*Asks:* 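One structure coming up, written as structure tokens, with questions to follow.
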Amino acid sequence: MLNVTHVTKKYHKVVANEDINLTIEDGKIGILLGPNGAGKSTIIKCIMGFLKYQGEIQVEGLFNKSVEAKKIMGYVPEIPSLYPNLTVDEHMEFIARAYKLKDYQAYKDELLTRFDLDDKRKKFGDELSKGMQQKLSICCGLLPRPKLVIFDEPMIGLDPHAIKELKLVLKELRDRGCTVLLSTHMIDSIEELWDTTYIMQKGRIAAVVQKEYISETGKSLEDIFFEITEGGAENEPESQAPESEVQG
């Protein structure tokens with residue numbers, strides 16, 4: 001389970017995240033949905049422990065910056081961060097050693113095959129296309145079989161086959177009881193994958209949408225998103241409908 005409680009992140013006088021609260025249960029997929037600059041990547045970096053913040057973040061009841069929490073967290077960043085002088089295979093081996101994994105070879109081979117990297121094992125990080133780098137980043141994030149997996153705009157740059165595989169992986173993670181948080185601004189890319197969507201605007205959570213609400217009202221997630229984010233120039237996130245009205 002992931003619990004984010006009253007998290008605020010400021011860069012000097014600029015408020016990037018303001019009083020963020022979200023909870024994602026085990027076996028559930030949560031979506032951070034919002035336009036560019038809404039604060040999605042910032043809250044993800046706070047959850048991963050990359051940034052200082054005010055508030056509290058727990059993963060399976062553990063302080064998110066603790067070693068114990070880090071062991072069960074996986075992260076796929078928006079921009080792949082690869083080592084130019086390591087091959088595809090060496091990147092995976094590096095992750096395996098960092099996490100002290102055992103009996104990982106079969107799963108490593110499976111991931112590389114699923115994401116069309118099996119024949120790229122000897123290619124260096126800087127020899128890969130952007131799409132291939134993204135695929136390798138996904139494989140590295142999944143290899144330790146983390147309990148919490150966080151994806152930041154993972155589908156940008158992926159080809160249709162890789163997007164299909166990633167969607168299958170997300171469903172498999174949910175079926176295994178993992179907690180998944182995925183950030184995106186591409187509404188059509190998430191389709192029916194999600195359980196709870198947090199719509200972000202101007203650094204705040206403007207609405208929380210449960211899957212049941214979509215079924216009950218017949219509204220699409222796209223409808224709700226544009227109602228909130230394009231409700232008028234004068235609208236601020238706090239002036240939107242309270243969470244109870246969109247949860248159903």
Side-chain angles (χ1 to χ4, degrees), residues 2 24 29-33 36 40-51 59 64 69-101 104-174 176 178-186 189-190 193-194:
L2 171 65
I24 304 174
I29 297 177
I31 301 295
L32 288 176
L33 181 63
N36 291 328
K40 304 185 300 297
S41 292
T42 298
I43 190 60
I44 282 178
K45 290 176 182 176
C46 288
I47 293 170
M48 290 304 303
F50 300 153
L51 300 175
V59 179
N64 69 312
K70 295 289 187 182
K71 290 179 180 178
I72 60 174
M73 299 169 70
Y75 174 53
V76 179
E78 179 180 3
I79 300 175
S81 181
L82 303 179
Y83 296 99
N85 296 321
L86 289 185
T87 65
V88 167
D89 213 41
E90 288 169 343
H91 274 90
M92 297 291 275
E93 290 298 323
F94 176 81
I95 294 296
R97 294 184 185 185
Y99 280 83
K100 299 180 180 179
L101 302 181
Y104 63 89
Q105 286 289 346
Y107 187 50
K108 182 189 82 169
D109 293 342
E110 176 190 336
L111 288 172
L112 293 178
T113 299
R114 290 184 70 169
F115 286 95
D116 293 326
L117 291 172
D118 191 50
D119 61 344
K120 307 290 190 303
R121 288 173 180 260
K122 301 304 179 183
K123 282 190 172 292
F124 292 100
D126 61 356
E127 293 180 324
L128 300 173
S129 67
K130 182 179 179 181
M132 290 292 180
Q133 290 179 356
Q134 182 71 349
K135 292 178 185 180
L136 178 55
S137 183
I138 291 170
C139 291
C140 288
L142 294 174
L143 184 62
R145 298 181 186 270
K147 182 67 176 174
L148 166 66
V149 194
I150 298 179
F151 299 88
D152 191 358
E153 300 284 1
M155 297 179 186
I156 293 179
L158 293 183
D159 56 61
H161 174 75
I163 291 175
K164 178 182 177 182
E165 281 302 320
L166 179 57
K167 289 180 178 180
L168 289 174
V169 166
L170 291 171
K171 293 176 182 176
E172 291 165 8
L173 290 170
R174 180 167 56 189
R176 285 210 322 254
C178 296
T179 303
V180 178
L181 178 63
L182 188 150
S183 162
T184 186
H185 65 273
M186 301 165 61
S189 69
I190 55 177
L193 292 173
W194 58 281

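What you are looking at is a predicted structure, and each value in this text was computed from that prediction instead of being measured.
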*Asks:* Taking all non-hydrogen atoms of both residues into account, name the closest pair between M73 and P146 and its distance.
*Replies:*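 So the two residues come closest at C-CB, 3.6 Å.
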*Asks:* Side-chain contact, heavy-atom cut-off 4.5 Å: L136 with M92?
*Replies:*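 Yes; the side chains approach each other to less than 4.5 Å.
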*Asks:* Going through the distances and angles, do L142 and Y107 end up as a side chain to side chain contact (heavy atoms under 4.5 Å, CB included)?
*Replies:* CA-CA 9 Å; L142 294 174; Y107 187 50; 4.0 Å; yes
*Asks:* So, taking the atom named CE in M186 and the one named CD in E153, what distance separates them when rounded to the nearest 0.5 Å?
*Replies:* 7.5 Å
*Asks:* For the atom pair CD (E127) and NZ (K122), what is the distance rounded to the nearest 0.5 Å?
*Replies:* 12.5 Å
*Asks:* How close do P144 and C140 get, counting heavy atoms only, and between which atoms?
*Replies:*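 Closest heavy-atom pair between P144 and C140: CD-O, 3.4 Å.
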*Asks:* So, applying side-chain contact (heavy atoms from CB on, under 4.5 Å) with L182, which one of L33, L193, L170, V76 is it?
*Replies:*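 The side-chain contact (heavy atoms from CB on, under 4.5 Å) with L182 is passed solely by L170 among L33, L193, L170, V76.
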*Asks:* Measure across D126 and P84 and return the closest heavy-atom pair with its distance rounded to 0.1 Å.
*Replies:* OD1-O, 3.3 Å
*Asks:* For the atom pair OG1 (T179) and CZ (R174), what is the distance rounded to the nearest 0.5 Å?
*Replies:* 12.5 Å
*Asks:* Give the C-alpha distance, both sets of side-chain angles, the deciding distance and a yes or no for side chain to side chain contact (heavy atoms under 4.5 Å, CB included) between I24 and V180.
*Replies:* CA-CA 8 Å; I24 304 174; V180 178; over 6 Å; no
*Asks:* Report the C-alpha distance between Y83 and F94 in whole Å, list the side-chain angles of each, state the deciding distance to 0.1 Å, and finish with yes or no for ring pair (Phe, Tyr, Trp, His ring centres under 6.0 Å).
*Replies:* CA-CA 10 Å; Y83 296 99; F94 176 81; 5.5 Å; yes
*Asks:* Would you check if L143 and Y99 make a side-chain contact, meaning some heavy-atom pair closer than 4.5 Å?
*Replies:* no
*Asks:* Would you give the length of the straight line joining atom CD of E78 to atom CD1 of I156, rounded to the nearest 0.5 angstrom?
*Replies:* 5.0 Å
*Asks:* Report the distance from atom CG of D152 to atom CD1 of I44, rounding to the nearest 0.5 Å.
*Replies:*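 Here the rounded value is 4.0 Å.
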*Asks:* Determine whether more than 12 heavy atoms belonging to other residues, nucleotides or ligands lie under 6.0 Å from atom CD1 of I163.
*Replies:* yes
*Asks:* For F115 and A162, work out which heavy atoms get closest and say how close.
*Replies:* CE2-O, 3.9 Å
*Asks:* Please evaluate residues E93 and Q105 with respect to the criterion side chain to side chain contact (heavy atoms under 4.5 Å, CB included), reporting the C-alpha separation (whole Å), side-chain torsions for both, the decisive distance (0.1 Å), and the verdict.
*Replies:* CA-CA 9 Å; E93 290 298 323; Q105 286 289 346; 3.3 Å; yes
*Asks:* How long is the gap from OH on Y75 to CD1 on I47, to the nearest 0.5 Å?
*Replies:*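 Rounded to the nearest 0.5 Å, the OH-CD1 separation comes to 10.5 Å.
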*Asks:* Could you check K120, R121, K123 and say which one makes a salt bridge (charged side-chain N to carboxylate O under 4.0 Å, His left out) with D89?
*Replies:*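 When K120, R121, K123 are each tested with D89, the salt bridge (charged side-chain N to carboxylate O under 4.0 Å, His left out) holds only for R121.
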*Asks:* Restricting to non-hydrogen atoms, name the atom on G131 and the atom on L158 that form the minimum distance, rounded to 0.1 Å.
*Replies:* O-CD2, 4.0 Å
*Asks:* Okay, side chain of N64, backbone of C46: is any donor-acceptor separation there less than 3.5 Å?
*Replies:* yes
*Asks:* Under a 4.0 Å threshold between the charged nitrogen and the carboxylate oxygen, would D159 count as salt-bridged to K135?
*Replies:*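 Salt bridge between K135 and D159, a charged N being under 4.0 Å from a carboxylate O: yes.
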*Asks:* If we only count heavy atoms from C-beta on, is the P80 to Q134 side-chain gap below 4.5 Å?
*Replies:*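 In short, these two side chains touch, coming nearer than 4.5 Å.
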*Asks:* For a side chain to side chain contact (heavy atoms under 4.5 Å, CB included) check, start with the C-alpha distance between I138 and V169, then their side-chain angles and the critical distance, and finish with the verdict.
*Replies:* CA-CA 10 Å; I138 291 170; V169 166; 5.9 Å; no
*Asks:* Restricting to non-hydrogen atoms, name the atom on V59 and the atom on A69 that form the minimum distance, rounded to 0.1 Å.
*Replies:* CB-CB, 4.5 Å
